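Notes to accompany the following structure.
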Amino acid sequence: MALKADSRIELNDGHKIPVNGFGTYAPPSYSKEQAKEAVMAAIDIGYRLIDSASIYENEVEVGEAIRSKIADGTVKRENIFYIGKLWNNNHCPERVRPAVEKSLKDLKLEYIDLYLIHSPVEFKPGDDLFPQDANGKVIFHNTDIRETWKALEACKDAGLVKSIGVSNFNEKQVELILKMPGLKHKPACIEMECHIYLNQNKLLKFLKCHNIVPVGFSVLGSGRAPGWLEDQNAPKLLEDPVLNTIAKRLKRTPAQVAQRFLLQNGVVPIAKSFTPARIKENFNIFDFELSEKDMKDLDGVNKNMRYLSLKIWEGSPKFPFHDC
């Protein structure tokens, strides 16, 4: 299928997801109003997939941006595909629906298109987003993730969310859901870190076998914010020499080529920027293709390297990255 700016991929539940998306996470140095303006610009440019999460604490502003673009006639609600996420303190089944309803209230939307369990790691249930003990260590909890999934299935059946999925899960954790007794709805998507330095080829093969669509974050690498970057000295993805050689030959930016690589690998890339010119540049990845050699060369720069640091979560029995 020739990919176009308005192309969509059918999920295993029949709903359709746009083939690229706009991310709304921003470090504290950016204001929530800037997030609103960026989402409005992204929709004007052509993005229809908007990726956010309750932990980003900007769903009010993101919702305002979406509704303003609906109100001015730029889009209809059914044109927008909104991704929300269940944070780690809400895995207990009785906390799932209230969390979904809180997001809907903040967004002022009638439904969420795709709702994900943000991470398999669970924190102590409660209103504290990052519960800690007296020594400053994260307090974990261990609800059976299959019970959380059942609560999500109920939200889908109730029409609060259209599709459900997971994020930052490894293959074994996805299989746990797929093999659970009484499964009503398979995960439709998995969102994961994915880029030329972490191509996720093994997990992609598994997902393809189970008709689960992969959505990639940190597709252009990551910022240098302390506490999130796995290694402050990690190589900058957009400076990769192989990537830049291909980009120069094709007269494209490294960011465009990095996203196109994922697109042709069947991954929905989520790019983020708060600069309108950069947002437009990131969106324009549909009028060129990478050759088989280009794809092979970019596949060859894989380092199985993560930018996202989750080391403070390693004490959890559900930490996903020990064996993958």
Side-chain angles (χ1 to χ4, degrees), residues 1 3-4 6-23 47-54 66 75-87 90-91 93 96-97 99-101 103-104 107 109-120 144-192 194 200 203-217 262-263 265-270:
M1 180 183 74
L3 295 169
K4 300 183 293 184
D6 60 353
S7 293
R8 296 199 174 210
I9 300 169
E10 186 167 331
L11 303 176
N12 58 36
D13 62 2
H15 296 295
K16 295 181 179 180
I17 185 172
V19 293
N20 68 329
F22 181 74
Y47 278 107
R48 295 296 177 260
L49 190 166
I50 306 298
D51 178 77
S52 192
S54 60
I66 292 171
V75 291
K76 297 178 180 179
R77 172 62 185 94
E78 57 265 29
N79 302 139
I80 294 295
F81 192 97
Y82 178 80
I83 299 179
K85 303 181 189 75
L86 181 77
W87 186 235
N90 290 321
H91 284 201
V96 173
R97 179 161 180 157
V100 174
E101 291 174 337
S103 285
L104 287 170
L107 293 160
L109 297 177
E110 292 183 356
Y111 61 88
I112 291 171
D113 296 274
L114 174 62
Y115 197 71
L116 310 175
I117 300 175
H118 204 144
S119 166
D144 187 330
I145 201 69
R146 293 169 293 188
E147 296 303 312
T148 308
W149 188 257
K150 288 178 185 177
L152 268 190
E153 289 181 321
C155 290
K156 176 176 168 63
D157 290 340
L160 301 178
V161 301
K162 297 288 187 181
S163 300
I164 52 178
V166 298
S167 177
N168 295 303
F169 277 47
N170 62 32
E171 183 176 318
K172 290 180 181 178
Q173 290 165 332
V174 176
E175 274 195 316
L176 192 64
I177 292 175
L178 291 174
K179 294 179 179 179
M180 64 182 269
L183 178 69
K184 292 179 68 177
H185 304 294
K186 287 172 58 175
C189 282
I190 178 171
E191 190 167 313
M192 58 194 187
C194 191
Q200 299 274 23
L203 184 54
L204 289 179
K205 290 177 183 176
F206 168 81
L207 297 173
K208 188 174 183 179
C209 287
H210 292 280
N211 194 22
I212 299 172
V213 172
V215 176
F217 67 79
L262 295 180
L263 200 63
N265 255 355
V267 179
V268 175
I270 302 292

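A quick note: this is a predicted structure, and the numbers were derived from the prediction, not measured.
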Original post:
What do the steps show when you test Leu109 against Arg77 for side chain to side chain contact (heavy atoms under 4.5 Å, CB included), and what is the final call?
Top reply: CA-CA 9 Å; Leu109 297 177; Arg77 172 62 185 94; 4.0 Å; yes

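Legend: residues meeting side chain to side chain contact (heavy atoms under 4.5 Å, CB included) with Glu147, ordered by chain and number and at least two apart, are Pro93, Thr143, Asp144, Lys150. The side chain to side chain donor-acceptor pair (under 3.5 Å) check on Ser163 picks up Asp13, with sequence neighbours excluded. Residues that satisfy the side chain to side chain donor-acceptor pair (under 3.5 Å) test with Glu101, not counting sequence neighbours, are Arg97. Under the side chain to side chain donor-acceptor pair (under 3.5 Å) criterion, Asp51 pairs with Lys85, not counting sequence neighbours. Listed by chain and number, the residues in a side chain to side chain contact (heavy atoms under 4.5 Å, CB included) with Ala154 amount to none (sequence neighbours excluded).
The distance from the CZ atom of Phe22 to the OG atom of Ser52 is 10.5 Å, given to the nearest 0.5 Å. Interatomic distance, Ser54 OG to Leu107 CG, rounded to the nearest 0.5 Å: 10.0 Å. One distance of note links CZ of Phe81 with OH of Tyr47; it measures 16.0 Å at 0.5 Å rounding. Between atom CG of residue Leu152 and atom CG of residue Leu86 there is a gap of 6.0 Å, rounded to the nearest 0.5 Å. Rounded to the nearest 0.5 Å, atoms CG (Leu49) and CG (Asn20) are 7.5 Å apart. To the nearest 0.5 Å, the span separating CD1 on Ile190 from CG on Asn170 amounts to 8.0 Å.
Ile145 has its side chain out of reach of Gln173: every pair of non-hydrogen atoms, C-beta onward, lies at least 4.5 Å apart. The side-chain heavy atoms of Leu204 and Pro214, taken from C-beta on, include a pair separated by under 4.5 Å. Side-chain contact between Val268 and Pro18: absent, with no pair of heavy atoms (C-beta onward) separated by less than 4.5 Å. Counting heavy atoms from C-beta on, the side chains of Asp113 and Tyr111 come closer than 4.5 Å.
Counting all heavy atoms, side chain and backbone alike, Glu110 lies closest to Leu104 at C-CD2, 3.9 Å. Residue Leu262 comes nearest to Pro269 through the heavy atom pair CD1-CB, 4.3 Å, listed as atom of the first residue, atom of the second, then distance. The two residues Val96 and Asn90 come nearest to each other via the heavy atoms CG2-O, 3.6 Å. Smallest separation of non-hydrogen atoms from Ser103 and Ile112: CB-CD1, 4.0 Å. Of all non-hydrogen atoms in Phe169 and Ser119, the two that sit nearest each other are CE1-C, 3.7 Å.
Ring geometry, His118 versus Trp87: the interplanar angle exceeds 60°, so the pair is classed perpendicular (tilted spans 30 to 60°).
Screening Leu263, Asp6, Val213 for a side-chain contact (heavy atoms from CB on, under 4.5 Å) with Val19, the sole residue that qualifies is Leu263. None of Val215, Leu203, Asn168 except one satisfies the side-chain contact (heavy atoms from CB on, under 4.5 Å) rule with Met192; the exception is Leu203.
Within a 6.0 Å sphere centred on CD of Glu78, heavy atoms belonging to other residues, nucleotides or ligands number more than 12.
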Show me the side-chain donor-acceptor pairs of residues 174-189 shorter than 3.5 Å, one per line, residues at least two apart or across chains.
{"residue": "Lys184", "atom": "NZ", "partner": "Asp157", "partner atom": "OD2", "Å": "2.5"}
{"residue": "His185", "atom": "NE2", "partner": "Asp157", "partner atom": "OD1", "Å": "2.7"}
{"residue": "Lys186", "atom": "NZ", "partner": "His210", "partner atom": "O", "Å": "2.6"}

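The closest donor-acceptor contact from the side chain of Lys16 to the backbone of Glu10 lies at 3.5 Å or more, if one exists at all.
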